[in-house]
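The next block holds one structure in the form of structure tokens; read it before the comments.
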Amino acid sequence: MPVDRKKTFSDKEIQDRLAAELPKWRLEDGWIRRNYKTNSWKGTLMVINTVGHLAEAAWHHPDITASYAWVEVRLMSHDAKGVTERDFALAKKIEEVVAWRPGLEPDAALEGTPHGDMRFAYIKYD
């Protein structure tokens with residue numbers, strides 16, 4: 001069955017889906033939101049660029065607020081005037097990529113950034 005891209009969800013539906021699918025995201029003021037803590041401006045820019053790439057590829061554009069060591073991503077479908085399936089889909093992709101920790105994967109060929117060396121610190125995983 002095709003997805004209705006403009007169907008908006010009620011606050012209760014959004015909160016239930018966030019709890020089940022995106023527990024680090026929250027509903028606030030009509031947006032689904034997630035804060036990412038970074039270790040520096042370099043990490044902040046990397047998160048912004050990652051979110052920007054994913055959003056542009058999806059043709060769905062979040063609002064982003066950032067400072068030296070954090071990024072807030074806010075999603076809602078402006079044309080539908082609410083949170084839609086598109087917002088959940090993009091949030092899941094953002095979460096998958098930004099929160100990826102290759103060093104924790106079993107038998108991983110990729111080791112991830114060196115632990116304990118702040119020169120290579122990127123994001124503060126929660």
Side-chain angles (χ1 to χ4, degrees):
M1 180 185 322
V3 172
D4 181 356
R5 293 186 186 110
K6 295 202 178 184
K7 176 195 179 293
T8 58
F9 294 94
S10 70
D11 286 358
K12 170 90 168 88
E13 291 171 316
I14 294 166
Q15 290 168 338
D16 289 348
R17 286 202 53 189
L18 291 176
E21 302 169 27
L22 293 158
K24 293 184 169 99
W25 289 70
R26 69 189 187 283
L27 174 64
E28 185 180 308
D29 298 327
W31 301 77
I32 59 173
R33 301 168 181 247
R34 167 80 151 101
N35 283 43
Y36 293 96
K37 293 180 183 175
T38 65
N39 282 302
S40 67
W41 182 241
K42 173 182 74 174
T44 295
L45 291 176
M46 291 173 79
V47 170
I48 292 169
N49 286 325
T50 300
V51 171
H53 168 74
L54 295 171
E56 192 63 24
W59 198 245
H60 186 45
H61 303 98
D63 281 20
I64 299 172
T65 303
S67 189
Y68 177 80
W70 59 267
V71 177
E72 182 184 57
V73 179
R74 293 181 307 281
L75 291 166
M76 84 102 112
S77 295
H78 301 284
D79 58 343
K81 297 180 176 66
V83 175
T84 69
E85 195 62 48
R86 293 180 297 173
D87 301 299
F88 286 108
L90 184 54
K92 286 177 188 175
K93 183 54 72 175
I94 291 168
E95 190 69 12
E96 175 187 331
V97 175
V98 172
W100 180 44
R101 296 181 73 178
L104 297 182
E105 294 175 346
D107 301 320
L110 300 171
E111 63 192 63
T113 55
H115 297 286
D117 189 334
M118 291 307 291
R119 294 175 302 158
F120 303 108
Y122 164 54
I123 190 165
K124 293 182 179 176
Y125 297 103
D126 49 11

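Every heavy atom of this structure was used, including side-chain atoms; hydrogens, water molecules and symmetry mates were not.
- Cluster annotation: Trp25 is not connected to Trp70 through the hydrophobic network of ILVMFWY side chains, with a link wherever side-chain heavy atoms come within less than 4.5 Å.
- Here the straight-line distance linking atom CZ of Arg101 with atom OG1 of Thr113 works out to 8.5 Å at 0.5 Å rounding.
- With a 4.5 Å cut-off on side-chain heavy atoms, Leu90 and Leu54 count as touching.
- Enclosure of atom NE2 in His53 is not indicated, since only 12 or fewer non-hydrogen atoms of other residues, nucleotides or ligands lie within 6.0 angstrom.
- For the pair Thr38/Val47, a side-chain contact is recorded, criterion being any heavy-atom separation below 4.5 Å from C-beta on.
- Around atom NZ of Lys42, more than 12 heavy atoms belonging to other residues, nucleotides or ligands sit under 6.0 Å away.
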Exercise for the section: Kindly determine whether Arg17 and Asp87 satisfy salt bridge (Lys or Arg N to Asp or Glu O under 4.0 Å), including the steps that lead there. Expected result: CA-CA 12 Å; Arg17 286 202 53 189; Asp87 301 299; over 6 Å; no
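- Tyr36 contributes atom OH, which lies 8.5 Å from atom CG of Asp126 (distance to the nearest 0.5 angstrom).
- Between Thr8 and Gly82, the shortest heavy-atom contact is CG2-CA, 3.8 Å.
- No side-chain heavy atom of Trp100 sits less than 4.5 Å from a side-chain heavy atom of Thr50.
- A pairwise comparison of heavy atoms in Ala91 and Ile32 identifies CB-CD1, 4.0 Å as the closest pair.
- Here the CG-OG distance, from Leu27 to Ser10, works out to 9.5 Å after rounding to the nearest 0.5 Å.
- In this structure a side-chain-to-backbone donor-acceptor pair under 3.5 Å is missing from Asn49 to Met46.
- Between the side chain of Ser67 and the main chain of Ala69, no donor-acceptor pair closer than 3.5 Å is present.
- The two residues Tyr125 and Ala99 come nearest to each other via the heavy atoms CE2-O, 3.8 Å.
- Legend: salt bridge (charged side-chain N to carboxylate O under 4.0 Å, His left out) pairs involving residues 51-77, not counting sequence neighbours, sorted by first then second residue: Arg26-Glu72, Arg33-Glu72, Asp63-Arg74, Glu72-Arg74.
- Residue-environment remark: NZ (Lys81) stays at or below the threshold of 12 foreign heavy atoms within 6.0 Å.
- With respect to Arg34 and Glu95, a salt bridge is recorded, a charged nitrogen being found less than 4.0 Å from a carboxylate O.
- Two residues are said to be in side-chain contact when any heavy atoms from C-beta on lie closer than 4.5 Å; Asp79 and Arg86 meet this criterion.
- Enclosure of atom CD in Glu28 by more than 12 non-hydrogen atoms of other residues, nucleotides or ligands within 6.0 angstrom is indicated.
- Taking all atoms of both residues into account, the shortest heavy-atom contact from Pro62 to Ala55 is CD-CB, 3.3 Å.
- Put simply, the side chain of Thr84 never gets that close to the backbone of Lys6: no donor and acceptor are under 3.5 Å apart.
- At a threshold of 4.5 Å between non-hydrogen side-chain atoms, the residues Phe88 and Leu18 count as touching.
- Transitive grouping of hydrophobic side chains (ILVMFWY, heavy atoms separated by less than 4.5 Å) brings Ile64 and Met76 into a common cluster.
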